[in-house]
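Both backbone and side-chain heavy atoms feed into the values below; hydrogens, waters and symmetry mates do not. Keep in mind the model is a prediction, meaning the values are calculated, not measured.
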Number of protein chains: 2
Amino acid sequence: MKNTPEKSKYHHGDLRTTLLHVAGEMLKESGIEEVSLRKLAARVGVSRTAPYHHFKDKNALLCGIAEAGFKQLHAMNNRSFNAEGRSTKEKFSLFIHEYVNFAKSNPDLYELMFGRTIWKQENSTQELRAAAYPCFQYQVTMTREWQKLKLLNHSGEDNALRASQVLWGTVHGIAKLLIDGIYTDVAHVEEICDYAVDMFLVH
Amino acid sequence: MKNTPEKSKYHHGDLRTTLLHVAGEMLKESGIEEVSLRKLAARVGVSRTAPYHHFKDKNALLCGIAEAGFKQLHAMNNRSFNAEGRSTKEKFSLFIHEYVNFAKSNPDLYELMFGRTIWKQENSTQELRAAAYPCFQYQVTMTREWQKLKLLNHSGEDNALRASQVLWGTVHGIAKLLIDGIYTDVAHVEEICDYAVDMFLVH
DNA sequence: AATCAATCTTGACACTGTCTAATTTAACCT
DNA sequence: AGGTTAAATTAGACAGTGTCAAGATTGATT
């Protein structure tokens with residue numbers, strides 16, 4: 001029961017968003033290495049070179065997918081940090097669990113978002129950076145709050161940037177080791193996250 | 001001034017190790033995406049399909065390179081943990097700095113060693129696992145010692161496996177964010193590592 | 001000296017990303 | 001309305017990739 005006429009049209013009408021959407025599906029289904037422009041075009045029902053009028057590169061397409069991912073991640077972090085009816089410690093714990101579970105639920109998307117493919121050697125699109133950097137910055141903002149509330153174990157002067165780099169490194173590292181298949185026990189994610197929270201909190 | 005005769009010979013003699021060696025060079029020079037079997041073969045001076053008599057796959061070749069990397073990393077960790085004339089805290093700090101700097105000095109090798117390419121979907125060779133798992137285990141062993149010495153901040157029961165997963169996650173995450181070009185300030189590695197050490201130690 | 005297995009080579013196939021030039025359509029401006 | 005222009009899409013082509021199959025060459029073994 002499609003509500004679109006589907007008349008055979010030369011101009012697709014909304015190819016750009018369709019490409020992003022279908023490419024996202026392919027990524028979720030079978031991983032990054034199965035996403036090829038040609039298969040994507042075939043699946044959308046368009047010629048191989050059509051995507052090039054909407055994306056400069058395959059890289060630009062990938063940046064577009066990652067861009068949406070960062071917006072999603074940013075929104076999720078926001079929800080964790082501002083969860084109602086929870087103590088600050090609980091919200092800190094929630095952030096860590098949610099972050100790692102985001103990666104666990106969307107392994108290939110996460111891989112793409114943080115992989116060197118789109119970040120190394122000036123590959124990142126301006127739009128991608130515009131979505132990613134605020135997301136990074138938000139981690140610093142959260143960390144600064146946690147430091148003000150004397151939540152985090154440390155000695156010496158507070159430094160929100162450094163602390164957030166360490167915290168972010170930790171969740172990122174745990175996520176990566178999980179989804180790259182190096183931790184064999186994916187079942188114990190929550191326990192690992194709990195232990196991480198415990199190691200960072202002041203006692 | 002070569003000391004090998006270099007007579008044109010049909011049989012190379014030691015092609016397997018030569019392939020591993022040259023492939024490692026190519027990896028270091030221009031990154032993983034520039035390592036192709038055909039370019040490798042050309043550089044070694046051999047036909048495109050010759051490598052297939054020594055490695056089942058391109059994947060098997062990559063596993064071979066990573067294998068050597070893990071042995072190197074394992075040896076380095078060992079040196080850090082047993083550094084003479086240093087306090088336990090200093091050795092803990094040394095481990096973190098050395099680990100991250102290993103990744104920083106060999107970004108493409110590290111990327112390969114921990115990338116999903118060789119770990120996902122049963123891609124890992126038995127020889128690779130035989131080199132990597134002891135390396136992983138050693139991190140648990142070190143962590144157990146640090147816990148016994150009451151070095152690490154935490155509450156509740158000690159769990160060496162969980163703690164090492166968190167610690168390893170942290171160094172891995174910091175390393176990854178660095179070499180993937182997501183942290184822009186590669187210059188501040190040591191400061192980040194120092195801050196990580198500070199956050200994990202009991203005060 | 002003959003045999004055999006290991007080693008290496010050429011040829012071929014199906015993929016990939018991307019460039020160029022031609023074709024079709026929609027939009028816009030008298 | 002009609003004609004021009006720009007956007008969107010197309011087929012064709014090229015260089016590159018991993019890898020399979022079948023044949024050629026060699027060193028080692030009997």
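- B/Thr17 is linked by a side-chain hydrogen bond (donor to acceptor under 3.5 Å, both in side chains) to B/Asp14, counting only residues two or more places apart in sequence or in another chain.
- Under the ring-ring contact (aromatic ring centres under 6.0 Å, His included) criterion, A/Phe200 pairs with B/Phe200, not counting sequence neighbours.
- Qualifying salt bridge (Lys or Arg N to Asp or Glu O under 4.0 Å) partners for A/Asp108, counting only residues two or more places apart in sequence or in other chains: B/Arg116.
- Take A/Trp146 and apply the ring-ring contact (aromatic ring centres under 6.0 Å, His included) test, not counting sequence neighbours, and it matches A/Phe81, A/Phe92, A/Phe95.
- Pairs engaging residues 47-70 of chain B under the side-chain hydrogen bond (donor to acceptor under 3.5 Å, both in side chains) rule: B/Glu67-B/Lys71 [sequence neighbours left out].
- For residues 111-119 of chain B, proximity to DNA chain D is found at no residue, defined as any non-hydrogen atom under 4.0 angstrom from a strand atom.
- A straight line from CZ of B/Arg16 to C1' of C/dC8 spans 17 Å, rounded to a whole angstrom.
- Two rings, from A/His74 and A/Phe136, have their centers 6.0 Å or more apart.
- When the ring-ring contact (aromatic ring centres under 6.0 Å, His included) test is applied to B/Tyr183, the partners found at least two apart in sequence or on another chain are A/Trp168.
- Less than 4.0 Å separates DNA chain C from at least one heavy atom of each of the following residues of residues 48-68 of chain B: B/Arg48, B/Thr49, B/Ala50, B/His53, B/His54.
- Scored by the salt bridge (Lys or Arg N to Asp or Glu O under 4.0 Å) test, A/Glu25 finds A/Arg43 as partners (sequence neighbours excluded).
- Take A/Asn159 and apply the side-chain hydrogen bond (donor to acceptor under 3.5 Å, both in side chains) test, not counting sequence neighbours, and it matches no residue.
- In this structure A/Ser124 satisfies the side-chain hydrogen bond (donor to acceptor under 3.5 Å, both in side chains) test together with A/Arg129, sequence neighbours excluded.
- Within residues 23-41 of chain B, the residues that have a heavy atom under 4.0 Å from DNA chain D are, in order of number, B/Ser36, B/Leu37, B/Arg38, B/Lys39.
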